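Right, one structure below, let's go through it.
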Number of protein chains: 2
Amino acid sequence: MASHRPVTLRKEPSQRRSKDLVDIIVKATTRVLLKEGYEGCTTNRVAEVAGVSIGSVYQYFPNKESLVVRVMERHQEKLFAAMSEHLATLQDATLEQAAKTLVRAMLDAHRVEPRLHRVLREQVPRIGALKALHERYSAYEPMVTAWLETHRDQLGPSEPGVATWVLIAAVDGVLGRVLVDRPGWLEQEQLAQELERLIVAYLRGARA
Amino acid sequence: MASHRPVTLRKEPSQRRSKDLVDIIVKATTRVLLKEGYEGCTTNRVAEVAGVSIGSVYQYFPNKESLVVRVMERHQEKLFAAMSEHLATLQDATLEQAAKTLVRAMLDAHRVEPRLHRVLREQVPRIGALKALHERYSAYEPMVTAWLETHRDQLGPSEPGVATWVLIAAVDGVLGRVLVDRPGWLEQEQLAQELERLIVAYLRGARA
DNA sequence: GCCCGACGCGAGTATTTGCTCACGTTCTTC
DNA sequence: GAAGAACGTGAGCAAATACTCGCGTCGGGC
């Protein structure tokens, strides 16, 4: 969804050996984040887990934050890939289909690497370079708003912009809680149905 | 909602002077959390902001975690107080009234100290003694489930247990995002209405 | 095969952290 | 008003942290 410009790197690895090294370091960072959380994700520990020298880490990564940025970028690329497939079919969908599509998209995104997703969203602080990354999580919002705008006639009283926002925040909130409290539900069909009903009901609108 | 048994304290302050001291320290912790976030909330900094010696902090608090526990306990007491007023009237309510009540309750809770609420929920790690505190945030769930169970006939196909869970997670998710991205909306009537519609529509049920 | 830049190393540094402890001050009790 | 308990202090410690730098190794172009 965005081109690969690794502003995170201090120096571009040119030889094969060093490209592998960078990859190993990023994967080690992921593993440490998973096992020790963000607090326990220290640069020395990452080097240790990666089986490389701390000096090698700083050869390519300017600071600790850039390690996590890299992990988030990679994860988000996978998320967007998983979601794009679904969302491509959104525009011509009926309300029921659209709800189904959106739910499948968001569910699939949360299924890519649930535990990593949880750590990244829960623990990684929204400061500095990481803040912008966090905001990119809902980069697909405009696609939903676009759909709502072209199907305005079928909808209740909410404005498309607000409705998109509420909808995504609600579904995302549920999925976030599922990730934390009921990880098993991610694979349950019932959850998907419940969310679809939530969306359809809300969008069709009800007097309140 | 729970009695005051300060297991967090290393020693109970008996004189007036020391009771005040403990209070000053807790308030300073709150201020530091607000201004510097959880990462910046160091024990030395708390002591400095409180205008007391670091030794005095450790006279009563066994460790850093216990400081934050105290802040969370105090905040949650305020939350529960704010919510209880509303939720007391829940049992005999109609669907529309119940939705309104629930939304008002959760909105009021988020309005108590929005910035602190955000820091506590976003940044405070769910580990050790803090984990249990995090889980207490939705201690009011059973009241909602109870209402759903006695009004089952008016509801759609969802089971009360699941519906409660989805509902609260959804509303809470929206409010969480509001806190982060649109803090101004907390005071907007439109947000409340949107949430009420979300609840009513979902509970009444829709074919999907 | 030789050379020079790219690569990889890890002991070491400066800083920060949570926390202790020996000592001085204030309160309470009789 | 004396004595002992409760209180308050802050220099300083051990451990951890992010990060550097000088030095040895590799690898590809000539």
Side-chain angles (χ1 to χ4, degrees), chain A residues 6-29 32-33 35-71 123-125 127-130, chain B residues 6-29 32-33 35-71 123-125 127-130:
Chain A
V7 281
T8 27
L9 291 191
R10 159 176 283 176
K11 158 170 113 183
E12 192 67 8
S14 68
Q15 300 177 7
R16 176 60 192 265
R17 182 165 56 128
S18 50
K19 278 183 205 290
D20 287 348
L21 183 85
V22 168
D23 194 60
I24 285 172
I25 292 171
V26 175
K27 282 189 175 134
T29 307
V32 174
L33 279 172
K35 210 176 292 181
E36 331 259 2
Y38 185 82
E39 298 250 298
C41 184
T42 68
T43 53
N44 291 302
R45 181 96 183 96
V46 167
E48 184 188 318
V49 167
V52 304
S53 152
I54 178 66
S56 296
V57 172
Y58 279 95
Q59 188 100 166
Y60 299 97
F61 296 87
N63 51 46
K64 177 189 165 174
E65 196 181 50
S66 65
L67 286 169
V68 181
V69 166
R70 254 311 175 83
V71 172
Q123 299 187 17
V124 173
I127 45 175
L130 296 165
Chain B
V7 281
T8 27
L9 290 192
R10 159 176 283 177
K11 160 170 111 182
E12 192 67 8
S14 67
Q15 300 177 7
R16 175 61 191 266
R17 181 165 56 129
S18 49
K19 279 182 204 291
D20 288 348
L21 183 86
V22 168
D23 193 61
I24 285 174
I25 292 171
V26 175
K27 283 191 174 132
T29 307
V32 174
L33 279 172
K35 209 176 293 181
E36 331 259 2
Y38 186 82
E39 299 251 299
C41 184
T42 68
T43 53
N44 290 300
R45 181 97 183 94
V46 167
E48 182 189 320
V49 168
V52 304
S53 151
I54 177 67
S56 296
V57 173
Y58 279 94
Q59 189 99 168
Y60 299 97
F61 295 87
N63 50 45
K64 177 189 166 176
E65 196 180 49
S66 65
L67 286 168
V68 181
V69 166
R70 252 318 175 77
V71 173
Q123 298 186 20
V124 174
I127 46 176
L130 296 165

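What you see is a predicted model; the values in this text were computed from it and never measured. To find a chain, count down the sequence lines: A is the first, B the second, and so on, and within it residues start at 1.
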N/O (side chain, [X]) to phosphate O (OP1/OP2, [N]) under 4.0 Å:
X       : N      : answer
A:Thr43 : D:dC19 : no
A:Arg10 : D:dT20 : yes
B:Tyr60 : D:dC7  : yes
B:Tyr58 : C:dT20 : no
B:Ser14 : D:dC7  : yes

[N] [atom2] sits how many Å from [X] [atom1], rounded?
X       : N      : atom1 : atom2 : answer
B:Glu36 : C:dT17 : CD    : P     : 10 Å
A:Phe61 : C:dC9  : CZ    : P     : 14 Å
B:Glu48 : D:dA11 : CD    : C1'   : 16 Å
B:Arg16 : D:dA6  : CZ    : C1'   : 17 Å

Using side-chain heavy atoms (C-beta onward) and a distance below 4.5 Å, is [X] in contact with [Y]?
X       : Y       : answer
A:Arg70 : A:Leu9  : yes
A:Val68 : A:Tyr38 : yes
B:Ser56 : B:Leu21 : yes

Regarding A:Asn44, tell me which of base, sugar-phosphate or nothing describes its non-hydrogen contacts under 4.0 Å with the strands shown.
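It contacts base atoms.
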
Name the nucleic acid region contacted by A:Val57, choosing base, sugar-phosphate or nothing; use a 4.0 angstrom heavy-atom cut-off, strictly under.
nothing

Between A:Ser18 and B:Gln59, which has a closest nucleotide on DNA chain C that is more 5'?
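Of the two residues, A:Ser18 wins.
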
Toward the 5' end of DNA chain C, which comes first, A:Lys19 or B:Ile54, by nearest nucleotide?
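With A:Lys19 and B:Ile54 compared, the 5'-side residue is A:Lys19.
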
Take atom NZ of A:Lys19 as the centre, draw a 6.0 Å sphere, and report whether it contains more than 12 heavy atoms from other residues, nucleotides or ligands.
yes

Start at the 5' end of DNA chain D and walk down; is the nucleotide closest to A:Asn63 or to B:Gly51 reached first?
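Its nucleotide being nearer the 5' end, the pick is B:Gly51.
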
Should the side chain of A:Ser56 and the base of C:dG8 be counted as holding a donor-acceptor pair, with the cut-off at 3.5 Å?
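No.
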
Under 4.0 Å between a side-chain nitrogen and a carboxylate oxygen: does that hold for B:Asp23 and B:Lys27?
yes

